[in-house]
Amino acid sequence: MRVGLLGGSFNPPHEGHRLVATQCIRRLALDAVWLMVSPGNPLKDHSELAPLSDRLAAARAMMDHPRIEVTGFEAAHDFHYTFDTLSFLRRACEGVKFVWIMGADSLQSFDRWERWQDIARMVPLAVYARPGATLRATSSKAATALRDFRIGEEEAETLADRKPPAWVYLRGLMSAQSSTAIRARRGAGAPSAN
């Protein structure tokens with residue numbers, strides 16, 4: 001089984017998250033994507049973080065798709081770092097080929113993640129383009145360090161079968177939506193984008 005892991009706060013989830021999940025299913029030839037709603041990103045301010053139960057319910061409603069599963073298991077296991085999540089999943093799901101999916105904006109700060117180099121050695125990475133982030137993402141510290149392990153988009157379907165480190169940068173359909181912008185509009189009294 002080939003499973004993409006898409007983690008994040010999803011505060012709130014939006015069509016851009018669904019687009020990334022469905023595009024990665026198709027372009028990476030995945031059997032499923034597990035959308036992992038985190039208890040909170042250690043690198044972000046939690047002052048505007050909605051309760052986990054609300055974010056899970058909203059993500060399940062938004063991701064209505066037979067091959068996308070929404071889970072809050074990181075909170076149930078008290079995981080705060082991707083390295084811990086991946087270590088657990090690799091032990092618990094022996095034989096599953098995992099791919100970590102992140103937006104280009106996350107690649108820009110990937111070198112600040114706890115044990116990021118170990119993460120890159122644990123699972124292949126799929127980086128999905130975000131509007132305006134390509135140049136900063138592909139020239140980031142992590143992208144530069146992993147430059148020799150990048151594969152071309154035409155080989156994306158092989159990513160799950162590759163021994164890490166391996167990564168691909170996927171360009172294509174994009175959404176300009178962002179959770180930050182949605183929260184800002186809600187705070188200003190504008191109608192919800194959902």
Side-chain angles (χ1 to χ4, degrees), residues 1-10 13-38 41 55-56 58-74 76-77 79 81-107 110 113 116 118-131 133-134 137-138 142-143 146 149-175 177-179:
M1 186 157 172
R2 300 153 64 97
V3 175
L5 302 171
L6 179 57
S9 300
F10 302 102
H14 54 72
E15 281 297 330
H17 296 132
R18 190 175 195 284
L19 173 71
V20 170
T22 57
Q23 285 292 302
C24 285
I25 287 170
R26 184 178 66 78
R27 295 186 60 194
L28 302 173
L30 300 175
D31 296 304
V33 165
W34 295 352
L35 193 97
M36 300 183 306
V37 182
S38 75
N41 183 332
R55 292 180 288 125
L56 279 167
R60 286 185 176 121
M62 174 68 60
M63 299 296 157
D64 184 26
H65 188 284
R67 290 166 60 189
I68 301 174
E69 181 178 339
V70 176
T71 177
F73 88 93
E74 287 179 304
H77 289 277
F79 295 149
Y81 297 107
T82 300
F83 175 81
D84 297 326
T85 299
L86 292 174
S87 296
F88 171 82
L89 287 174
R90 290 177 70 220
R91 285 190 312 271
C93 304
E94 200 172 321
V96 174
K97 295 178 180 180
F98 290 111
V99 172
W100 184 262
I101 300 168
M102 70 172 83
D105 52 333
S106 292
L107 180 61
F110 188 45
W113 291 25
W116 71 274
D118 291 327
I119 293 168
R121 286 190 287 265
M122 292 172 82
V123 294
L125 309 172
V127 180
Y128 201 90
R130 290 283 309 262
T134 298
T138 56
L146 297 169
F149 305 103
R150 182 177 175 182
I151 65 170
E153 283 185 82
E154 69 281 359
E155 299 177 277
E157 286 187 357
T158 69
L159 185 65
D161 297 319
R162 291 180 179 262
K163 183 178 185 232
W167 68 289
V168 65
Y169 191 89
L170 297 173
R171 293 173 182 83
L173 296 175
M174 285 189 274
S175 169
Q177 286 191 324
S178 81
S179 296

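Numbers here simply count residues along the sequence, with the first being 1. A quick note: this is a predicted structure, and the numbers were derived from the prediction, not measured. Just so it is clear, the values below take in all heavy atoms, side chains as well, and ignore hydrogens, waters and symmetry mates.
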Item to check | Step-by-step side chain to side chain contact (heavy atoms under 4.5 Å, CB included) determination, Phe10 to Val70 | outcome: CA-CA 11 Å; Phe10 302 102; Val70 176; over 6 Å; no
Item to check | Check: Arg18 side chain, Asp64 main-chain N or O, donor-acceptor pair, under 3.5 Å | outcome: yes
Item to check | Smallest separation among heavy atoms of Cys24 and Leu170, with atom names | outcome: SG-CD1, 4.1 Å
Checklist entry - When rounded to the nearest 0.5 angstrom, what is the spacing between CZ in Arg55 and CZ in Arg60? => result 12.0 Å
Checklist entry - In Å and rounded to the nearest 0.5 Å, what is the CG to OH distance from Leu19 to Tyr128? => result 4.5 Å
Checklist outcome for this item: The reported gap from CG in Leu5 to CD1 in Ile101 (rounded to nearest 0.5 angstrom) is 7.0 Å
Next on the checklist: Distance alone, cut at 3.5 Å: any donor-acceptor contact between the side chains of Glu74 and Thr85?
Outcome noted: yes
Next on the checklist: Let me confirm one number: the OG1-CG distance from Thr82 to Asp118, rounded to the nearest 0.5 Å.
Outcome noted: 12.5 Å
Checklist outcome for this item: Looking only at heavy atoms, the pair that brings Val37 and Ser9 closest together is CG1-O, 3.8 Å
Next on the checklist: Are Phe73 and Phe88 packed together at the side-chain level, in the sense that at least one heavy-atom pair is separated by less than 4.5 angstrom?
Outcome noted: yes
Next on the checklist: Ignoring hydrogens, what is the shortest heavy-atom contact between Asp31 and Arg67? Give both atom names and the distance.
Outcome noted: O-NE, 3.2 Å
Checklist outcome for this item: So CH2 of Trp100 and CG of Leu86: to nearest 0.5 Å the spacing works out to 6.0 Å
Checklist entry - Is the His77 ring parallel, tilted or perpendicular to the Phe79 ring (thresholds 30°, 60°)? => result parallel
Item to check | Check: Leu28 main-chain N/O paired with Arg2 side-chain donor or acceptor under 3.5 Å | outcome: yes
Next on the checklist: Restricting to non-hydrogen atoms, name the atom on Phe98 and the atom on Cys93 that form the minimum distance, rounded to 0.1 Å.
Outcome noted: CZ-CB, 3.8 Å
Next on the checklist: I'd like to check Leu146 versus Leu125 (side-chain heavy atoms, cut-off strictly below 4.5 Å). Are they in contact?
Outcome noted: yes
Checklist entry - Tell me, do His17 and Met62 make a side-chain contact under 4.5 Å, heavy atoms counted? => result no
Checklist outcome for this item: In short, Thr138 meets Ala143 closest at the heavy-atom pair O-CB, 3.5 Å
Item to check | Under 3.5 Å: donor-acceptor pair, side chain of Arg27, backbone of Ala156 | outcome: no
Checklist entry - Should the ring pair Phe110 and Trp116 be called parallel, tilted or perpendicular, given that the plane angle runs from 0 to 90° and is split at 30 and 60? => result perpendicular
Checklist outcome for this item: Between Ala129 and Ala104, the two heavy atoms sitting closest are CA-CB, 4.1 Å
Next on the checklist: Please report the interatomic distance CE(Met63) to OG1(Thr22), rounded to the nearest 0.5 Å.
Outcome noted: 9.0 Å
Checklist entry - If we only count heavy atoms from C-beta on, is the Val33 to His65 side-chain gap below 4.5 Å? => result no
Next on the checklist: The test is side chain to side chain contact (heavy atoms under 4.5 Å, CB included); show your working for Arg162 and Phe149 and say whether it passes.
Outcome noted: CA-CA 10 Å; Arg162 291 180 179 262; Phe149 305 103; over 6 Å; no
Next on the checklist: Is the shortest side-chain heavy-atom distance between Leu107 and Trp167 below 4.5 Å?
Outcome noted: yes
